[in-house]
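All figures in this text were calculated on a predicted structure; none of them were measured in a lab.
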Amino acid sequence: ADAAVRVFHRDEGFHVDLVEVSPTGARLSRMKALPTDTRVTLRYLHLSLRARVEASDEALTSLQFRNPLDPAELQALR
């Protein structure tokens with residue numbers, strides 16, 4: 001992983017580090033803590049993925065994707 005991605009919440013965007021990714025979710029670092037169940041959009045290259053925050057603190061944020069990633073999307077993020 002370790003790809004640089006952006007996460008958007010309302011009109012606020014964050015440059016974050018993708019620490020881990022699976023078909024159903026991702027773990028990010030370098031992002032401010034957001035409340036559980038906050039809706040966000042993760043963007044990288046041509047991908048725009050809707051997700052919700054599962055857990056978040058100053059160190060890591062865990063997201064669950066709204067729809068599981070297909071193999072091509074997963075490969076693009078790895």
- Message: Quick check: closest heavy atoms across R43 and S48, and the distance to 0.1 Å?
- Response: NE-OG, 3.5 Å
- Note on the structure: In terms of heavy-atom contacts, R27 and S62 come closest through CG-OG, 3.7 Å
- Note on the structure: Result for side-chain hydrogen bond (donor to acceptor under 3.5 Å, both in side chains) between R52 and one of T38, D37, T36 points to D37
- Heavy-atom donor-acceptor pair, D17 side chain to V19 backbone, under 3.5 Å: no
- Message: Strictly distance-based, threshold 3.5 Å: is any side-chain N or O of S56 a donor or acceptor partner for the main-chain N or O of L34?
- Response: yes
- Item | Interatomic distance, L18 atom CG to Y44 atom OH [nearest 0.5 angstrom] | 9.0 Å
- Can you tell me how far CG of L47 sits from CG of L77, rounded to the nearest 0.5 angstrom? 5.5 Å
- Message: Pair F65, V21 - check side chain to side chain contact (heavy atoms under 4.5 Å, CB included), show working.
- Response: CA-CA 10 Å; F65 297 127; V21 64; 4.3 Å; yes
- Pairwise side-chain contact, V40 with F8, heavy-atom cut-off 4.5 Å (strictly under): no
- Task: Go through the structure and list residues passing side-chain contact (heavy atoms from CB on, under 4.5 Å) with R66, not counting sequence neighbours.
- Result: R50
- Query: Is a salt bridge present between E12 and K32, judged by a nitrogen-to-oxygen distance below 4.0 Å?
  - Reply: yes
- Message: Test side chain to side chain contact (heavy atoms under 4.5 Å, CB included) on V7 and L28; report intermediate values, then the result.
- Response: CA-CA 10 Å; V7 171; L28 312 170; 3.6 Å; yes
- Task: Any chance you could lay out the side chain to side chain contact (heavy atoms under 4.5 Å, CB included) test for T24 and L69, step after step, and finish with the verdict?
- Result: CA-CA 7 Å; T24 58; L69 301 184; over 6 Å; no
